[in-house]
J.: 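Dropping a structure here in structure tokens format, bear with me for questions.
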Amino acid sequence: MNTMTISRLLDRLEETVNNGKKQMFSNMRLVDANTCLGILQQIRNQLPNELAEATVLLRDCDNIKAEAEKEAQNIIEEAKQEAMRLVAESEIMREAQMQASELVNNAGAYADNLVEQSYEQVNSLYLDVENSMRDMLNKVYAKRNSLYVADERSEGEDGNQ
């Protein structure tokens, strides 16, 4: 694949449209559809990798959350087992209860933190993709609008002659 930038591809598309044969008594032009479709496919191929990464991350978001919850359950289970061992020792019973409670709280906070980080990463990728797409869409609109402006100017010059 040719490593042309999206801007250069849009310029090629604009050039293809501008070079199309103008239809009499209208703003319409005849262009080679295959050429235009080929350029559009090249533009699609140039879209940022963030789109693919965001899609993968979205699919994996539930897996990340499930893993975090499973890890939290394992930590809680380990804390319960540790607490039971400590309870068996009568002299340190109170200390065992306090430590078990702290482990349970820490495990819950750790799991919550993992889930929050996952959501923040997904949100950040969404924002990056949204901004990239918005920039590209604005460029496409600007190019499209410049086609109409350029076409109206050329018609105005034709009408003055």
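What you see below is based on every heavy atom in this structure, not just the backbone, and it leaves out hydrogens, waters and symmetry mates.
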J.: Would you say the side-chain atoms of N123 pair up with the backbone N or O of Y119, donor to acceptor, closer than 3.5 Å?
T.: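 No; judged by distance alone, with no hydrogens or angles, the pair does not exist.
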
J.: For A79 and A100, which heavy atoms make the closest approach, and how far apart are they?
T.: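 That would be O-CB, 4.2 Å.
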
J.: Using distance alone, with no hydrogens and no angle criterion, decide if N45 and Q41 have a side-chain donor and acceptor under 3.5 Å apart.
T.: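 Per modelled atom types, N45 and Q41 side chains form a pair under 3.5 Å.
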
J.: How many angstroms lie between CD in E71 and CD in Q73, if you round to the nearest 0.5 Å?
T.: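 E71 CD to Q73 CD: 11.5 Å, rounded to 0.5 Å.
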
J.: Just so I know, are the side chains of K143 and L13 near enough to count as touching, which here means a heavy-atom distance under 4.5 Å?
T.: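 Of all side-chain heavy-atom pairs linking L13 with K143, none is under 4.5 Å.
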
J.: Check whether any side-chain heavy atom of L103 sits under 4.5 Å from a side-chain heavy atom of E78, and report yes or no.
T.: no

J.: So, S118 side chain and L114 main chain: donor-acceptor pair closer than 3.5 Å or not?
T.: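 Yes: the side chain of S118 pairs with the backbone of L114.
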
J.: Minimum heavy-atom separation for G20 to V31, with atom names?
T.: CA-CG1, 4.0 Å

J.: Could you pull out the closest heavy-atom pair between R29 and N18, with the gap in Å?
T.: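 Here R29 and N18 meet closest at NH1-O, 3.2 Å.
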
J.: Mark yes or no for whether N19, through its side chain, and E15, through its backbone, hold a donor-acceptor pair below 3.5 Å.
T.: yes

J.: Would you check if the side chain of S132 reaches a backbone N or O of D128 as a donor-acceptor pair within less than 3.5 Å?
T.: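 Such a contact is found between S132 side chain and D128 backbone.
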
J.: Evaluate the side-chain proximity of E14 to S146: yes if any heavy-atom separation is below 4.5 Å, no if none is.
T.: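 They are in contact (side-chain heavy atoms under 4.5 Å apart), so the answer is yes.
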
J.: Starting from L137, can I reach M133 by hopping between I/L/V/M/F/W/Y residues whose side chains sit under 4.5 Å apart?
T.: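 Cluster IDs for M133 and L137 differ.
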
J.: Are there more than 12 heavy atoms of other residues, nucleotides or ligands under 6.0 Å from atom CD of Q117?
T.: yes

J.: Report whether L40 and L9 are members of the same hydrophobic cluster (ILVMFWY, side-chain heavy atoms less than 4.5 Å apart, transitive linking).
T.: yes

J.: Distance from I76 atom CD1 to N106 atom CG, nearest 0.5 Å?
T.: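 With rounding to 0.5 Å, CD1 (I76) is 11.0 Å from CG (N106).
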
J.: Would a single hydrophobic cluster contain both I75 and M98, if residues Ile, Leu, Val, Met, Phe, Trp and Tyr are joined by side-chain heavy-atom contacts under 4.5 Å?
T.: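 Each belongs to a different hydrophobic cluster.
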
J.: Please check if Y141 and L147 belong to a single hydrophobic cluster, counting links between Ile, Leu, Val, Met, Phe, Trp and Tyr side chain heavy atoms closer than 4.5 Å.
T.: no

J.: Determine whether R12 and Q42 make a side-chain contact, defined as any pair of heavy atoms from C-beta on separated by less than 4.5 Å.
T.: yes

J.: Where do V122 and C61 come nearest, in terms of heavy atoms and distance?
T.: CG2-SG, 4.4 Å

J.: Within the structure provided, determine whether V140 and M136 are in side-chain contact (heavy-atom separation under 4.5 Å).
T.: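 Result no, sub-4.5 Å side-chain heavy-atom pair not found.
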
J.: Checking side-chain contact (heavy atoms from CB on, under 4.5 Å) for the pair I6/K139: CA distance, chi angles, key distance, verdict?
T.: CA-CA 10 Å; I6 290 176; K139 288 177 183 176; 5.9 Å; no

J.: Looking at A68 and A111, what are the two nearest heavy atoms and their distance?
T.: O-CB, 3.9 Å

J.: Give, for atom CD of E82 and atom CD of Q99, the distance between the pair rounded to the nearest 0.5 Å.
T.: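 Nearest 0.5 Å value for the CD-CD distance: 7.0 Å.
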
